[in-house]
Amino acid sequence: MTALTSESGVRPSEPLWCPRDVAEFLNVSQATLSRWRREKVGPPFLQVGGVYRYNPVTVRAWVTKQETDRG
């Protein structure tokens, strides 16, 4: 298993994003992103040892879902 391969043997298609990357992509502040995590209303995230990370594919899917849910 390489450093870039998960236990399941699947390589991520892109590196995970940090909160700064997601905030920039969504054009919101990091404080807003932090509030969304607390309120469980933002894009799905991973917490690894106290560090938050986001899968770019999942963030993009979340954005698409927001568009379709809100018409």
Side-chain angles (χ1 to χ4, degrees):
M1 180 166 68
T2 69
L4 295 178
T5 304
S6 71
E7 290 179 11
S8 67
V10 177
R11 287 184 62 139
S13 59
E14 297 180 63
L16 296 176
W17 285 349
C18 67
R20 181 185 70 242
D21 298 328
V22 178
E24 185 177 309
F25 176 77
L26 296 175
N27 197 28
V28 299
S29 70
Q30 289 185 56
T32 295
L33 200 57
S34 176
R35 181 173 46 83
W36 287 353
R37 284 193 303 267
R38 283 192 313 275
E39 296 174 358
K40 297 176 174 54
V41 296
F45 61 91
L46 306 166
Q47 187 173 5
V48 182
V51 177
Y52 297 106
R53 292 293 179 256
Y54 295 79
N55 181 330
V57 173
T58 305
V59 172
R60 290 184 189 106
W62 178 82
V63 169
T64 300
K65 183 170 178 359
Q66 300 311 301
E67 292 174 343
T68 58
D69 287 353
R70 292 185 170 83

Could you give the side-chain donor-acceptor pairs of residues 52-60 under 3.5 Å, partners two or more places apart or in another chain?
| residue | atom | partner | partner atom | Å |
| --- | --- | --- | --- | --- |
| Tyr54 | OH | Arg37 | NH1 | 3.0 |
| Asn55 | OD1 | Val57 | N | 2.9 |
| Arg60 | NH1 | Glu14 | OE2 | 2.7 |
| Arg60 | NH2 | Glu14 | OE1 | 3.4 |

In this structure, would Trp62 and Leu16 fall into the same cluster of hydrophobic residues linked by side-chain contacts under 4.5 Å?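 Shared cluster, no.
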Any salt bridge (Lys or Arg N to Asp or Glu O under 4.0 Å) pairs touching residues 23-33, not counting sequence neighbours?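 Residue pairs passing salt bridge (Lys or Arg N to Asp or Glu O under 4.0 Å), neighbours aside: none found.
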Contacts of Thr64 meeting side chain to side chain contact (heavy atoms under 4.5 Å, CB included) (sequence neighbours excluded), chain-then-number -> none
Counting N and O atoms only, with roles assigned by atom type, does the side chain of Asp69 sit under 3.5 Å from a partner on the main chain of Gln66, one being a donor and the other an acceptor? no
Would you be so kind as to tabulate the donor-acceptor pairs closer than 3.5 Å made by side chains of residues 38-47, with sequence neighbours excluded?
| residue | atom | partner | partner atom | Å |
| --- | --- | --- | --- | --- |
| Arg38 | NH1 | Ser34 | OG | 3.3 |

